Amino acid sequence: MNTSRILVIDDEFLIRRALADYLEDCDYETEMAADGAEGLAKIRARKFDAVLVDLRMPRVDGLEVVTTLKAEHPELPVVVVSGTGVLQDVIAAMRRGAWDYVTKPIHDMDEITVVVERVLERAQLIAERDRYQQELEQMTVELRSALEQAQAADRAKSQFVSSVSHELRTPLTSIRLYLSLLQTASEIRRKTYLDSLTRETMRLQTLIEGLLDISRLDLGKTKTQPRPTNLNELLTTLFTDRAKLFAEHRLTLHLDTAANLCTSLSDPKLIEQVATNLLTNAMNYTAAGGKVWLRTEMQPFNNQQWVTFSVQDTGPGITAEEQTHLFERFYRGSTGQNSNAPGTGLGLAICKEIVNLHRGHITLDSTVGTGSTFTVWLPMCETT
Ligand code: ADP
């Protein structure tokens with residue numbers, strides 16, 4: 001069954017009827033129009049696969065139909081039917097966009113099928129070409145974006161390798177220096193050099209552990225095992241473990257747990273790592289005599305309740321400019337650089353990636369001279 005729909009436009013009833021009947025016998029679906037205006041109205045109202053149009057008609061003639069269709073439906077094949085001996089009409093129609101022509105009187109109706117099949121086939125080829133072209137353009141866009149992503153990843157990797165080499169070289173150079181100084185140092189200086197050696201070695205160890213964390217995260221090897229987790233319990237244990245260390249730094253650590261806290265859907269090990277990191281930063285960057293609060297709360301955000309924990313300190317605070325880079329890998333702010341603490345600039349980047357793995361987020365509220373509050377927002381466990 002030929003499902004193509006063909007419109008026959010001819011002012012002579014007998015001719016349009018004969019053409020339509022013949023095409024229907026050839027299994028085409030047909031419609032008829034008595035002049036150009038009616039034909040155009042029908043084409044605007046529904047989809048046709050080809051149009052047969054007489055050139056000489058009253059009101060809107062065939063040439064006008066061809067011109068209009070070229071502008072409105074350039075993909076629609078138009079075959080003009082012209083009287084013999086008026087070749088100039090055919091030439092004008094072809095110039096204006098007709099796809100093919102037949103001449104009247106039509107002696108052999110097969111001629112019609114040949115022309116109709118030919119234009120339909122051509123239209124199909126054009127449609128396929130356009131589809132391929134569109135697919136090709138789409139693929140080009142996708143490929144270009146993939147290439148840009150690969151280039152960006154490559155640049156990030158080079159940047160990462162260069163940062164790692166730099167970060168490894170700094171403690172190693174210090175270690176070599178202190179080792180050589182140790183050989184000739186007096187008894188009093190030895191202690192200082194040994195302390196420095198311990199500090200630099202710790203820095204190397206922290207860096208390597210951080211790098212391993214980052215590479216596990218990058219390779220997707222950090223598997224989160226989210227389960228209903230009671231953050232109050234988890235943080236109380238952490239608080240008990242850390243309070244003594246804070247006291248040694250002459251800092252007071254407070255714990256403030258919310259009684260209405262829902263269980264969160266999270267991986268306790270990874271969340272403990274985040275909390276430890278934030279507590280270590282607060283401890284390292286808050287001057288002696290300061291205070292740090294570890295707090296749990298239920299808080300709303302985006303029409304949703306979240307299980308949150310925060311670490312608030314009375315430290316130096318972080319400038320707005322530094323806040324924009326704080327979660328970048330290897331970024332050390334002025335506080336980090338000026339402190340004696342063995343930092344790597346990886347801690348907050350790791351925290352952020354771990355929290356993201358939990359479909360949560362981490363926020364910072366900080367005022368220079370007053371202190372900082374890092375808050376981790378975790379999804380609530382649905383069953384609670
Ligand atoms: P690191 O502590 O190893 O430098 P982080 O990624 O943990 O790396 O932190 C990045 C920087 O953010 C630090 O170098 C420091 O400048 C700043 N920072 C982090 N926590 C605090 C804080 N509690 N108070 C002030 N500055 C902080």
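Numbering of ligands and ligand atoms starts at 1, following listing order. If you're wondering where the values come from, they're calculated on a predicted model, not measured in any experiment. Note: hydrogens, waters and symmetry copies are ignored here, and every other heavy atom, side chains too, is used.
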**Asked** Looking at Phe239 versus His254, is the centre-to-centre ring distance below 6.0 Å?
**Response**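 Centroid separation for Phe239 and His254: 6.0 Å or greater.
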**Fill in**
For Gly345, the atoms of ligand 1 under 4.0 Å from one of its heavy atoms are 1 (P), 3 (O), 4 (O), 6 (O), 8 (O)
**Prompt:** Looking at Tyr331, which atoms of ligand 1 are within less than 4.0 Å of one of its heavy atoms?
**Reply:** 10 (C), 11 (C)
**Message:** Suppose we screen for side chain to side chain contact (heavy atoms under 4.5 Å, CB included). Which residues come up paired with Pro316, at least two apart in sequence or across chains?
**Reply:**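 Pro316: side chain to side chain contact (heavy atoms under 4.5 Å, CB included) contacts with Thr335.
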Heteroatom distance test ([X], ligand 1): nitrogen or oxygen, under 3.5 angstrom:
X	answer
Asn277	no
Thr344	yes
Asp313	yes
Gly336	yes
Gly317	no

Looking only at side-chain N and O atoms, does [Y] offer a donor or acceptor that is under 3.5 Å from a partner on [X]?
X	Y	result
Glu322	Ser334	yes
Thr308	Gln299	yes
Asn338	Tyr285	no

**Request:** Test salt bridge (Lys or Arg N to Asp or Glu O under 4.0 Å) on Lys191 and Asp195 and set out the steps.
**Result:** CA-CA 6 Å; Lys191 164 95 180 71; Asp195 283 351; 2.9 Å; yes
Return the closest protein heavy atom for [atom] as residue, atom name and distance.
atom	result
atom 2 (O) of ligand 1	Tyr285 OH, 2.6 Å
atom 12 (O) of ligand 1	Leu326 CD1, 3.2 Å
atom 25 (C) of ligand 1	Ile318 CG1, 3.6 Å
atom 4 (O) of ligand 1	Arg332 NE, 2.7 Å
atom 14 (O) of ligand 1	Gly333 N, 3.1 Å
atom 19 (C) of ligand 1	Asn281 ND2, 3.5 Å

**Prompt:** Is it true that the NZ or CZ of Arg5 lies under 6.0 Å from the centre of Tyr28's six-membered ring and within 45 degrees of the ring axis?
**Reply:**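 Arg5 over Tyr28 ring: no.
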**Request:** Among residues two or more places apart or on two chains, list those pairs meeting side chain to side chain donor-acceptor pair (under 3.5 Å) that have a residue in residues 240-252.
**Result:**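 Checked against side chain to side chain donor-acceptor pair (under 3.5 Å) - neighbours excluded - no pair reaches residues 240-252.
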**Message:** Please check this pair: side chain of Ser145 against backbone of Val141, looking for a donor-acceptor N/O pair closer than 3.5 Å.
**Reply:** no
**Item:** Joint hydrophobic cluster, Val119 plus Val102, side-chain heavy atoms closer than 4.5 Å
**Value:** yes
**Request:** Tell me, please: is Phe327 in heavy-atom contact with ligand 1, that is, under 4.0 Å?
**Result:** no
**Item:** Contact partition for Leu348 relative to ligand 1, non-hydrogen atoms under 4.0 Å
**Value:**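 Near ligand 1, Leu348 shows its backbone as well as its side chain.
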